[in-house]
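Reviewing the structure listed below.
Both counts, for ligands and for their atoms, begin at 1 and track the order of listing. The structure presented is a predicted model; accordingly, all values stated were derived computationally and were not measured.
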Amino acid sequence: MAILEKLEKASLREIMQVAFREHILVPAFNVAYLPMVAGIVEVLRECQTFALLEVSRPDITRFGAESFRAVKEEYDRFGDPKLTRLHQDHVPVIDEEGAMVDWRALIEEALQLGYHSVMIDGSRLSFAENVRVTKEVGEKAHKLGVCVEAELGAVLGHEAGPLPPYEELFASGKGFTSPEEAAQFVRETGVDWLSIAVGNIHGAISGVAKDAKKVEARLNIEHLQKIQSLTGIPLVLHGGSGIKKQYVLEAIRNGITKINVGTEIRQAYEQGWRESGTVLGAQKVLRQRLRELIQDYYGIQGSALRLAEKL
Ligand code: 13P
């Protein structure tokens, strides 16, 4: 469709600004296994939906994404510039096991490979240190036209070992992003999008929990509204799998522009693999789950056309 050529020509920054203004959700699907790229893009074409494909360190080290280069190569084969962009998810300064990470090298690798956006995750650092690393990444990435996402607050769930009971976490608001700090963070870093904690948690990536159904999270929408009113940039919801639908839809009306979805599409792919023992069988179950998400859950069928019209 000719109008989609506008999306092909637009920068990711422009697309995300339109999505933010118009409250059009841009999902970011984690690639935990390389053949997921082709499966995801096929469904995006069918549904005329714009989305990011993203890959994080755990997708590479714990599952089958192999490397940032391998995902880029797969993306180059199957990605569609009218409907997709490629994002480097979670480059932590301190990882989920408390180990220091050579984050500069990983970000540099994605910039060299031509990723369209990167995420520096300094959320386990002090506020001042988080500002410092995010600013440093921004200065480098922006020169290349690459968008930067950062995180403020604690989106738990990737750590090994049991989480405190979810309802306790939610009621206490422990780890929630402070709206005032978020405003200061955005001003001082020049970050493009901010990942926040308002009740969302990541699906597990280790032990038996990684195969279990994720807890159905809720979101504190009032808290989100405060963050949104003080920041004025696209906000990102990590831990997208399994959040109750009514909360997700309300969050989209209140500043959430990007939602990261990992666990449930990985589990769909793995289920298909177990049942069929073939990549085609795994992709089939993945595609089915994606259609449900895009059409019934987020209601973003045709989002690419709506974005293109507003560009
Ligand atoms: P889920 O695995 O809970 O969907 O979270 C994905 C995510 O936030 C990746 O950054």
When you measure from [atom] to every protein heavy atom, which one gives the shortest distance, and what is it?
atom	value
atom 9 (C) of ligand 1	Asp89 OD2, 3.2 Å
atom 6 (C) of ligand 1	Gly262 N, 3.5 Å
atom 4 (O) of ligand 1	Ser241 OG, 2.6 Å

Does only the side chain of [X] get under 4.0 Å from ligand 1, or the backbone, or both, or neither? Count heavy atoms.
X	value
Glu264	neither
Asn30	side chain
Lys214	side chain

Q | By salt bridge (charged side-chain N to carboxylate O under 4.0 Å, His left out) - contacts of Glu109 (at least two apart) | A |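 Applying salt bridge (charged side-chain N to carboxylate O under 4.0 Å, His left out) to Glu109 gives none.
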Practice problem: Check whether any side-chain heavy atom of Phe170 sits under 4.5 Å from a side-chain heavy atom of Asn220, and report yes or no. | Solution: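 In contact.
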| request: Looking only at distances, please establish whether an N/O atom of ligand 1 is found under 3.5 Å from an N/O atom of Gly239. | output: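 Between Gly239 and ligand 1, an N or O pair is found under 3.5 Å apart.
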Looking only at heavy atoms of Gly240, does any of them come nearer than 4.0 Å to an atom of ligand 1?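 Yes, that is the case, since the closest heavy atom of the residue is under 4.0 Å from the ligand.
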Residues 281-288 side chain polar contacts: donor-acceptor under 3.5 Å, at least two apart:
residue : atom : partner : partner atom : Å
Gln283  : NE2  : Pro35   : O            : 2.9
Gln288  : OE1  : Arg291  : NH1          : 3.1

In terms of the angle between their ring planes, are Phe185 and Phe127 parallel, tilted or perpendicular, with boundaries placed at 30° and 60°?
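Perpendicular.
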Report task. Look at the aromatic rings of His202 and His158 and report parallel, tilted or perpendicular, splitting at 30° and 60°. Result ->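 Aromatic pair His202/His158 classed parallel.
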Discussion item. Using only atom types and a distance under 3.5 Å, with no angle test, would you say the side chain of Gln301 pairs donor to acceptor with the backbone of Asp296?
Written reply: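 Pair absent, no side-chain N/O of Gln301 close to backbone of Asp296.
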Next on the checklist: Could you tell me, atom by atom, which parts of ligand 1 come under 4.0 Å of a heavy atom of His238?
Outcome noted: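 Within the 4.0 Å cut-off of His238, ligand 1 contributes 8 (O), 10 (O).
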